[in-house]
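Reviewing the structure listed below.
The first residue in the sequence is number 1, and the count goes up from there. On a predicted model such as this, the values are computed, not experimentally measured, just so you know. Remember, it's 1-based here, ligands and their atoms both numbered in the order they're listed.
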Amino acid sequence: MADKAYLCTPKKTVKLQVFSEISALRSFLAPLRSPSRPIGLVPTMGALHAGHLALIAQSKQHNPLTVASIFVNPTQFNNAADLEKYPRMPEADTAMLQAAGCDVLFCPSVAEMYPVPSALTMDFGNLNRILEGEFRPGHFSGVGLVVAKLFNIVQPARAYFGQKDFQQLMVIRQLVSELCIPVEVMAVPTLREPDGLAMSSRNLRLTPAERAKAPVFYETLQYAQAAIKTKKPWSEIRQEAAMKVAATGFRLEYLALATQPNFQLTENVTDSQPKVLLIAGYAGNVRLIDNLIIE
Ligand code: PAF
């Protein structure tokens, strides 16, 4: 539920302003930004879907001006083929943002964002070493770098991220907290397809046969949640989950349980500490992730 203090009065749809240069975007935003006219930022890598539109909708509710960015950030890809195959559909994305009433689109080139190869790396400690941090070395360093750049370029009051990338959200919260960046990080719940598959730009890369079986990751999370409630040992839950995923021909990379809010891996299914279940795996060549906050 949105905080009433944030709510903005709806305004007429205006034409989406598109910028690819940092200096032009900065000049445009400078006179529009003030404490009473905060900017909301929705950072994306494009191939937009309803999940992204939910981020835009939230930002529009809270802020009089919403900026979306589309940038397939090379420094966060640890796999060259994944970067190359990442879906890119600028025309469709622009039309979606215009229809959603987004005010500004920032879609820089790689040369604009990285005029020289970046020498800076970021280490988020525990978050860098477990789960996504472990399986995608360098990924969070690249995410931290590009999000810090976007925050400095746009200077939003609030920035909106999907809860589907749960660990990324924690990385961004750590970035903002440790660097004292004056941005409020807003988490938006995951949107799902009718069969439960978490919405993701990567879903576009699934073949029809893979897409039909892809809900197995969410089903496995639901199975694990139910099993935790019966206090089944974690090792058994983990093994049964792996079998469930393997039965589809997909590969489970991890199913993990982490405490909230400090994000420590745990196998304890009996204590009452709040937790989140996280899953990652491959549907063919496409890597999918999902999570479920245990209620
Ligand atoms: O979640 C994403 O799409 C990306 O990781 C982000 C936050 C836009 C940074 O490139």
Q: Could you name each residue pair satisfying side chain to side chain donor-acceptor pair (under 3.5 Å) that touches residues 18-34, not counting sequence neighbours?
A: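 Side chain to side chain donor-acceptor pair (under 3.5 Å) check on residues 18-34 returns S34-S36.
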(Q) So, regarding Q76 and ligand 1 (criterion: nitrogen or oxygen to nitrogen or oxygen, under 3.5 Å), is there a contact or not? (A) yes
Q: Considering only NZ, NE, NH1 and NH2 on the basic side and carboxylate oxygens on the acidic side, decide whether K213 and E219 come within less than 4.0 Å.
A: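 Not counted as a salt bridge, because no side-chain N and carboxylate O are separated by less than 4.0 Å.
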**Q.** Distance filter under 4.0 Å to V146 heavy atoms, resulting ligand 1 atoms
**A.**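 Heavy-atom distances to V146 below 4.0 Å select 9 (C), 10 (O).
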Q) For ligand 1, which atoms sit closer than 4.0 Å to a heavy atom of P43? A)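 So the answer, numbered in order with elements, is 8 (C).
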Q: Please report which non-hydrogen protein atom sits nearest to atom 7 (C) of ligand 1, along with the residue it belongs to and the distance in Å to one decimal place.
A: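 Protein heavy atom with the smallest distance to atom 7 (C) of ligand 1: Q168 NE2, 3.5 Å.
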Q: Give the residue, atom name and distance (to 0.1 Å) of the protein heavy atom nearest atom 3 (O) of ligand 1.
A: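 Checked against all protein heavy atoms, atom 3 (O) of ligand 1 sits closest to M45 CG, 3.6 Å.
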**Q.** Option from Y223, W234, F217 for which side-chain contact (heavy atoms from CB on, under 4.5 Å) with L255 holds
**A.** W234
Q. Is any side-chain heavy atom of R202 closer than 4.5 Å to a side-chain heavy atom of Y86?
A. yes
Q.
Counting only heavy atoms closer than 4.0 Å, does ligand 1 sit against the backbone of T44, its side chain, both, or neither?
A. backbone
Q) By the rule that ILVMFWY residues connect when side-chain heavy atoms come within less than 4.5 angstrom, directly or transitively, which residues belong alongside M199? A) L191
